[in-house]
Amino acid sequence: VACAALPPVANPPPPKLPTLPAPPGPQLSVRVLRATGLLSSRIVPLRVGCDTPCALSVSAAVTPRAKPRKGHKSVSVPLSKLQVKIPAGETRIVRLRLSTADAGRLRKALGGRLGLTATIQLDATAAAGEPTDLTKRLLLTG
């Protein structure tokens, strides 16, 4: 049996390393503490929690529930924007405030009715994982 020449030595393929899935973003919990009397108190209090240490940005807009009266435009007023840092597993009370001028605009747009809708936008970022965006619609009364 004749000896054959060995093929040239090549680099071995790179090893396949297991990859872990990306960690999930922070999990938020939101609860409204008071949904009545917005026009008199001018505050919407929320209890917000996060399962990991996170930085939270909260903004909201309030609109009347009913359609605007004939010949009037719909009114949407912003509530104050807040930035909050929440430790892991804890909750914080967030108070979204309505300015006096915006409360007057809402009173005028409501025309004696009390039904309001608030759209709250929460954006949470943590050290690991994707940011979490949560939009919540709340029924409030003036």
Side-chain angles (χ1 to χ4, degrees), residues 3-142:
C3 289
L6 292 174
V9 177
N11 290 337
K16 291 188 178 183
L17 299 173
T19 57
L20 296 174
Q27 300 298 311
L28 295 174
S29 63
V30 181
R31 188 170 57 109
V32 180
L33 299 178
R34 187 183 67 240
T36 60
L38 173 64
L39 297 177
S40 59
S41 68
R42 297 192 344 258
I43 294 176
V44 177
L46 306 171
R47 182 169 292 280
V48 181
C50 197
D51 66 338
T52 61
C54 66
L56 182 68
S57 172
V58 184
S59 61
V62 178
T63 58
R65 256 187 265 168
K67 290 183 181 180
R69 293 177 290 185
K70 193 171 186 174
H72 291 81
K73 292 182 181 179
S74 62
V75 173
S76 177
V77 297
L79 297 176
S80 60
K81 291 183 181 181
L82 297 174
Q83 303 285 332
V84 181
K85 291 194 182 287
I86 302 177
E90 292 189 19
T91 62
R92 292 284 187 258
I93 294 178
V94 176
R95 292 176 178 87
L96 299 171
R97 299 186 187 282
L98 178 68
S99 72
T100 306
D102 286 338
R105 286 182 57 209
L106 273 178
R107 269 192 194 92
K108 186 175 178 180
L110 283 169
R113 294 169 282 192
L114 295 177
L116 297 167
T117 301
T119 305
I120 299 174
Q121 179 69 36
L122 300 116
D123 301 313
T125 55
E130 293 291 318
T132 300
D133 297 329
L134 177 66
T135 301
K136 197 157 180 108
R137 289 178 57 97
L138 306 173
L139 298 179
L140 304 174
T141 60

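For the numbers below, each heavy atom of this structure counts, side chains included, while hydrogens, waters and symmetry mates do not. Because the structure is a prediction, the values reported are computed rather than measured.
- Minimum interatomic distance between Pro26 and Glu130 (heavy atoms only, all atoms of both residues): CD-O, 3.5 Å.
- Across every non-hydrogen atom of Leu98 and Pro78, the tightest pair is CD1-O, 4.2 Å.
- Test Leu110, Val77, Leu114, Thr117 against Pro64 for side-chain contact (heavy atoms from CB on, under 4.5 Å) and you get one pass: Leu110.
- For the residue pair Ala35 and Leu139, the shortest heavy atom distance occurs at CB-O, 3.7 Å.
- Between the side chain of Ser80 and the backbone N or O of Arg97 there is at least one donor-acceptor pair closer than 3.5 Å.
- When atom types are taken as modelled, the side chain of Asp123 and the backbone of Ser57 share no donor-acceptor pair closer than 3.5 angstrom.
- Minimum interatomic distance between Leu39 and Arg107 (heavy atoms only, all atoms of both residues): O-NH2, 3.0 Å.
- When the shell of 6.0 Å around CZ of Arg95 is examined, it contains 12 or fewer heavy atoms from other residues, nucleotides or ligands.
- A distance-only check finds a donor-acceptor pair linking the side chain of Arg34 to the backbone of Ile43 [under 3.5 Å].
- Open room surrounds CZ on Arg31; 12 or fewer heavy atoms of other groups in view lie less than 6.0 Å from it.
- Of the residues listed (Ile86, Val48, Ile120), the one engaging Val94 in a side-chain contact (heavy atoms from CB on, under 4.5 Å) is Val48, and it is the only one.
- Each of Leu134, Leu79, Leu122 was checked for a side-chain contact (heavy atoms from CB on, under 4.5 Å) with Val58, and the lone residue meeting it is Leu122.
- Within a 6.0 Å sphere centred on CD of Gln121, heavy atoms belonging to other residues, nucleotides or ligands number more than 12.
- Note that CG of Leu116 is 11.0 Å distant from OG1 of Thr36, once rounded to the nearest 0.5 Å.
- Nearest heavy atoms, Ala60 versus Leu96: CB-CD1, 3.8 Å.
- Using modelled atom types, no side-chain atom of Arg92 and backbone atom of Leu46 make a donor-acceptor pair closer than 3.5 Å.
- Nearest approach of Thr52 to Ala126, heavy atoms of both residues: OG1-CB, 3.7 Å.
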